[in-house]
Amino acid sequence: MNPEVDIPYPPRSWLQDNIKSLYIAGLLVLIPLWLLVSWYTFTKQAQENLHIQVENDLILFADSLDSELEKYRFVPKMLIMDATLALAASNGSVLQKRNIHDHLNHIRRVTAADEVFLLDIQGNTMASTTLDNQTLNYDHTPFFQAAINGSSGGFFTLGVNAGIRGYYFSEPIFDINTDDVIGVVVVKVNMARLERGWLNKRTPMMITDEYGIVIASSVPSWLFTSRQSLSQVDKQAIKNTTKYPSTSFPELQTQVIKELGAARIVSLPKPGYQRVLEVNLPLSELGWQLYGHGNLRNLDYIIQRNTALSLLVFILIVSLAYVIVQRRLQFQETLIRREINQARLQQAKQTLELRVAKRTQDLQDRNDELKQAQTELIHAAKLATLGQMATSVTHEINQPLTAIQTSADNAEQWLQRDNYQRVANNISNIKKLAKKMAAITLHLKTFGRKTDNSTSWVSLDEAVNNAVQLVALRCKQEQIVLFINCHQGVQVLADLVRLEQVLINLLTNALDAMLTSKIKQLHIDCKVENHHQMPQICLQVTDTGTGINPEHLQQLFDPFFTTKGTGVGLGLGLSISYSIIDAMGGTLSGDNGPQGGAQFCLRLPCKEPDRGA
Ligand code: ADP
């Protein structure tokens with residue numbers, strides 16, 4: 001892998017870019033659809049519930065109606081067994097009318113019927129619990145006709161006199177001997193009594209007879225209207241039954257809005273009945289139809305509320321799904337980005353490591369080059385110092401040479417005089433001088449050769465003496481008084497030749513500075529200090545020269561800093577000395593001394609003779 005190549009983030013997916021638009025578009029499309037479906041579902045459900053409720057109410061009412069009628073159906077059947085009635089019917093006696101009337105009244109009270117009456121075979125009332133009906137003739141009524149023909153009758157009809165709706169149960173009274181019908185006993189139940197059953201019902205109801213005529217209704221104005229237009233045949237049949245005084249019935253304006261299988265939505269002519277669910281239940285025994293009307297208006301609020309609630313839940317679920325998907329996508333993206341960031345970090349780390357390694361290598365190479373150059377420079381500086389010392393050395397050698405010359409001449413003359421003792425003295429002197437010269441040249445030879453950087457314990461006295469020796473002539477010529485105050489036998493950890501080179505540089509600079517001074521004193525002081533529990537030598541070179549301009553103190557050890565004229569100073573002496581001492585683990589500093597001249601301090605690890613190695 002190329003560490004320089006940037007790892008790109010993967011492009012965002014189509015879903016990530018479009019999820020919000022998708023959510024909004026989805027809502028815009030799905031909300032109307034959801035509204036339609038939920039409204040349809042809730043409407044259907046509400047209608048079904050209402051259907052069941054109405055149907056239950058109808059069944060309950062039908063049951064109660066049935067049991068109510070059943071109760072009365074048996075009353076006339078029982079009454080025909082009543083001997084008092086049978087007797088009254090058989091002899092048509094009106095004398096007993098009073099008694100019979102009381103008897104019938106008793107029966108009416110006990111059975112809670114509306115009227116109980118006895119008819120003769122012509123339909124004339126023989127006795128009745130209603131005094132006003134005592135003279136009525138029921139000859140034309142279906143219940144009389146049925147009974148006179150020998151069968152039980154149960155008929156709905158309007159009251160002959162007062163027009164009150166009633167259900168009449170009739171039963172023929174047979175002669176015990178001939179089995180002929182001798183009278184008819186009738187029990188009338190008021191329809192209003194039967195209607196009481198639906199008084200407390202939620203569902204408004206109506207009952208139509210076999211011709212579709214409303215004979216009972218929760219809405220009184222619909223009574224005796226017809227559910228459908230009557231044909232001539234029907235009208236004739238109605239007329240024949242004489243159930244109703246008239247044969248014309250206004251039509252109940254019923255508009256079927258929607259057929260719903262077993263039920264239908266209809267509009268009926270009364271406020272509150274414009275949209276009702278109509279359920280019908282045939283009362284087959286009676287030949288009637290029972291209708292119940294559930295108000296759909298009441299459902300509208302429930303349907304709207306449920307639809308709104310379901311829409312809210314739907315929007316919540318879709319929004320929740322949207323949030324979850326969006327969060328998931330974001331999370332995935334963050335995860336991928338985090339992984340890529342880690343890879344990028346790893347890559348950057350590798351790149352950095354490579355660069356650091358390359359730079360380190362470069363730096364190492366430069367350092368090596370620099371070290372090489374520095375070594376060369378130090379050597380060159382040393383040679384330059386050597387050049388400077390040439391005069392001094394020549395003088396140093398010239399002096400013993402002249403002395404050797406003189407001693408040799410003297411020896412020659414003493415030899416001619418046979419004074420061997422003096423010859424021997426002169427030869428000994430020559431040997432001493434030759435030794436001294438050899439020492440000087442040996443030192444020069446040693447000083448001139450290249451050295452490595454290795455350090456060892458070397459004698460500080462030797463280094464100081466060698467350096468002083470090389471500047472001694474100049475001191476003499478320039479009348480400089482030299483003061484050396486150093487402990488004997490101190491050893492320092494250094495390269496002897498290089499240490500000498502530094503000392504020569506410090507001494508030469510001091511001599512240069514004192515060229516124009518009136519007082520010319522050069523002090524070399526050594527003292528042992530303790531530095532971090534380690535002894536170190538502090539060698540001070542103090543002069544009485546010009547001193548150092550305070551502005552120059554910072555640049556003193558900078559390469560090529562010199563205040564000497566062109567061609568006189570190179571400005572490398574102190575800079576090289578500094579690096580030599582630094583490489584040996586010591587320090588070199590310079591400042592103005594207390595007496596006005598300059599003071600340089602050289603510090604190196606040392607060991608004193610009394611302490612041992
Ligand atoms: P150079 O001797 O070639 O100038 P150095 O590095 O040895 O180079 O010295 C740098 C400068 O430091 C000198 O030019 C001088 O200005 C100053 N200097 C060094 N030693 C002394 C001293 N003992 N007294 C006054 N100035 C000094």
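Counting from 1, the numbers follow the sequence of the chain as shown. Ligands are counted one by one from 1 in listed order, and the atoms in each one are counted from 1 as well.
Applying the side chain to side chain donor-acceptor pair (under 3.5 Å) rule to Asn509 yields the partners Lys564; only residues at least two apart in sequence or on another chain are considered. Considering only residues two or more places apart in sequence or on other chains, Cys526 meets the disulfide (SG to SG under 2.5 Å) condition with Cys486.
For ligand 1, the 4.0 Å heavy-atom shell contains residues Asn505, Asn509, Ala510, Ala513, Asp543, Thr546, Gly547, Ile548, Leu556, Phe561, Thr562, Thr563, Lys564, Gly569, Leu570, Gly571, Leu572, Gly573, Leu574, Ala598, Phe600.
Applying the salt bridge (Lys or Arg N to Asp or Glu O under 4.0 Å) rule to pairs touching residues 307-317 yields nothing, sequence neighbours excluded.
When the shell of 6.0 Å around OH of Tyr9 is examined, it contains more than 12 heavy atoms from other residues, nucleotides or ligands. Other residues, nucleotides and ligands contribute more than 12 heavy atoms inside 6.0 Å of the CZ atom of Phe42.
With a 4.5 Å cut-off on side-chain heavy atoms, Phe600 and Leu556 count as touching.
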